[in-house]
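In what follows, a single structure is set out as structure tokens and then discussed.
Letters A, B, ... are given to chains in the order of the sequence lines, protein chains preceding strands, and every chain is numbered from 1.
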Amino acid sequence: WSLPLKSVFVTFPGDIIKNMTDTELADGYLKKFGYIDTLHRSGFQSMVSTSKALKRMQRQMGLEETGELDKSTLEAMKRPRCGVPDVAN
Amino acid sequence: YKTFAGDLKWDHQEVTYRVISYTPDMETSLVDDAFARAFKVWSDVTPLTFTRLFDGTADIMISFGKTDHGDPYPFDGKDGLLAHAYPPGEGLQGDAHFDDDEYWTLGTGPAVKTRYGNADGAMCNFPFTFEGKSYTTCTTDGRSDNLPWCSTTADYSRDKTFGFCPSELLYTFGGNADGAECVLPFVFMGEEYDSCTTEGRSDGYRWCATTSNFDNDKKFGFCPSRETAVIGGNSEGEPCHFPFVFLGKEYDSCTSEGRGDGKLWCSTTDSYDDDNKWGFCPDQGYSLFLVAAHEFGHALGLDHSNIREALMYPMYSYVKDFSLHEDDVEGIQYLYGRRAGPDPTPPQPNTPSPTSYPDPKTDPTDGPTDPTTTTRPVDPSKDACKLTKFDTITVIGGELHFFNDGQYWKMSSGTEGGLKGPFSISERWSALPAVIDSAFENLLTRKLYFFSGTRFWVYTGKSVLGPRGIEKLGLPDSVQKVEGALQRGKGKVLLFSGENYWRLDVKSQKIDKGYPRYTDAVFGGVPNDAHDVFHYQGHIYFCRDRFYWRMNSRRQVDRVGYVKYDLLKC
């Protein structure tokens, strides 16, 4: 068996860059859809609010409320959806 | 379900909408139909009605756009955010925006509606066979004019039904050229273009000139996308080029190589390495109907639901046979209540007490000797009481309207009674000609239909559609004018001309089968050459010259009288 080809990631001109880490994706998602109040963010508080925000998002999407960025939560964040926030603010 | 803070909702039931711009992915009539069906999802379970406007400001303004499209919430390229909408209210509130970096379909791959050909606008049937070969896209095979076409059945050789596919060589949409096709090559800013271009625009839409020189003529339209065109990328509208070379390797089909998100893409030239021209490959696309039904839920006041099967759930999932979840129904009825039983029937006004009227045997010109008691401050030449015949009489907004030669009078039934006018037709309905042969108000949609000669106009509030030929409704060429219109129950209207009448289905805008019928065969005892027929206060009136024949709901003529004295109250 040949070694698996190392996938080369190319930046395509005109592409809306979406190559981001899972954490960046999750953070952007929770902010965009109103789960994290983007105001008053600080270090320690941010950890608590991210876990709490994840639980709120998991409840909204009918997922298991682990407060963790698990596989099913990450997949849900990648699915096409409506742009209206889930948490009105 | 959830509603927005403060239970934001419309304070009226007749909600209006207007389509401001279109996507190149689907023929405009398919887009219109998808939106109409999406609104029907909500009007089926509430008292709400949705009326489409063609200009001016509607409650719900619908548009397509890409990335930064003019509000503070930019879209994000293909996939991800599909659309968004604002809760009810003024201005931007209530509007719906759709991301045009998406591939809009009916949810199951290219939705290609044909034009011309012999299939009467049927959809392409993919795959189809032609001369023993199978096709999954439109083709120019078999033609020398380079126009893409498709079969509308699985086997063209057997059925020979076909139509032409969306192509800039056939038509454009939007712009200012009434859908005329592109003229290629054309000159723009001194340069020659032999295909559609996004040059000169910041919104990424492809356009072309519909004359050979845009600089001189300023005539343009937007280019429909061919169903083989790539989505997004930097080659909008171009088809994949197979084979193509990427990182030195040759590809004969779409690939996800080079990407971390697994999306299939292709090069639109023979070498991506040389030209860097690419786009995403057409896929099943997103159902414009389903996404619109969701967004219109927001525009009516619903927020997101956490019920996975509900329409208002934030994530998209294609459903073949869609029906509203009870969670959606409960939410919208919390805001607007239930749809009251069958279609609302307009309240029947109480029939007027019989009033005496001069015996029609005497010559009406003798009439009562004392001068008319009306104190209307009108120019004598414009006195309705001096007219022996009107172009048409009809009821609009529950009031009798008398039209004659560019003017109209109205008999207000309220306390201040009496005839008002004359008013200028063109001031209130600017598109109308001076002579109106007949008119009616559709009581369900409040739309006003006006007929003059072989043309008709449809007014919705201030906005007008028309003139259009009455043959579009299915009336034969022999009909030179429509002389009367009678509402008959749900969405049906009888149109009278000469000795015949036809029944129009207002919703389909088509004449029902089995017509025409002879007027006097069904409405016994009235003249069969009435020049006006209308429905008023529970009775049907047939007018000829100065007289009217009044028929009650049992189709008995219960009165013959003078328009002048009984209706105009001269």
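Contact check for B:Ser317 versus A:Arg79: side-chain heavy atoms found under the 4.5 Å cut-off. Looking at heavy atoms from C-beta onward, A:Arg81 lies in side-chain contact with B:His304 at the 4.5 angstrom threshold. Looking at heavy atoms from C-beta onward, B:Arg259 lies in side-chain contact with A:Asp15 at the 4.5 angstrom threshold. Residues A:Cys82 and B:Glu295 are in side-chain contact: their nearest non-hydrogen atoms beyond the backbone lie under 4.5 Å apart.
Using cut-offs of 30° and 60° for the angle between ring planes, the B:Trp278 and A:Phe12 rings count as tilted.
The distance from the CZ atom of A:Phe33 to the CG atom of B:Leu81 is 5.0 Å, given to the nearest 0.5 Å.
Of all the heavy atoms in B:Asn234 and A:Pro13, the pair that sits closest is ND2-CG, 3.5 Å. Between A:Thr11 and B:Tyr272 the shortest heavy-atom distance is O-OH, 4.2 Å. When all heavy atoms of B:Arg308 and A:Met61 are compared, the closest pair comes out as NH2-O, 3.2 Å.
Chain A forms more heavy-atom pairs under 4.5 Å with one residue of B:Phe280, B:Phe75, B:Tyr286, B:Phe4 than with any other, namely B:Tyr286. For the options B:Tyr86, B:Tyr73, B:Tyr313, heavy-atom pairs under 4.5 Å to chain A are most numerous at B:Tyr313.
With a threshold of 4.5 angstrom between heavy atoms, B:Leu247 approaches chain A through side-chain atoms but not through N, CA, C or O. For B:Asp303, the part lying near chain A is the side chain, with the backbone staying farther off; criterion is any non-hydrogen pair under 4.5 Å. Contact annotation for B:Thr67: only side-chain heavy atoms (C-beta onward) come within less than 4.5 Å of a heavy atom of chain A. Using a 4.5 Å cut-off between heavy atoms, A:Lys32 contacts chain B through its side chain alone, with no backbone atom that close. In this structure, no portion of B:Ala5 lies under 4.5 Å from any heavy atom of chain A.
The environment of A:Glu65 atom CD is dense: over 12 non-hydrogen atoms of other residues, nucleotides or ligands sit within 6.0 angstrom. Residue-environment remark: OH (B:Tyr318) exceeds the threshold of 12 foreign heavy atoms within 6.0 Å. Counting non-hydrogen atoms of neighbouring residues, nucleotides and ligands closer than 6.0 angstrom, the CZ atom of B:Arg206 exceeds 12 such neighbours.
No donor-acceptor pair closer than 3.5 Å links the side chain of A:Gln60 to the backbone N or O of B:Pro314. Side-chain N or O atoms of B:Lys2 include one that pairs as donor or acceptor with a backbone N or O of A:Asp86 at under 3.5 Å.
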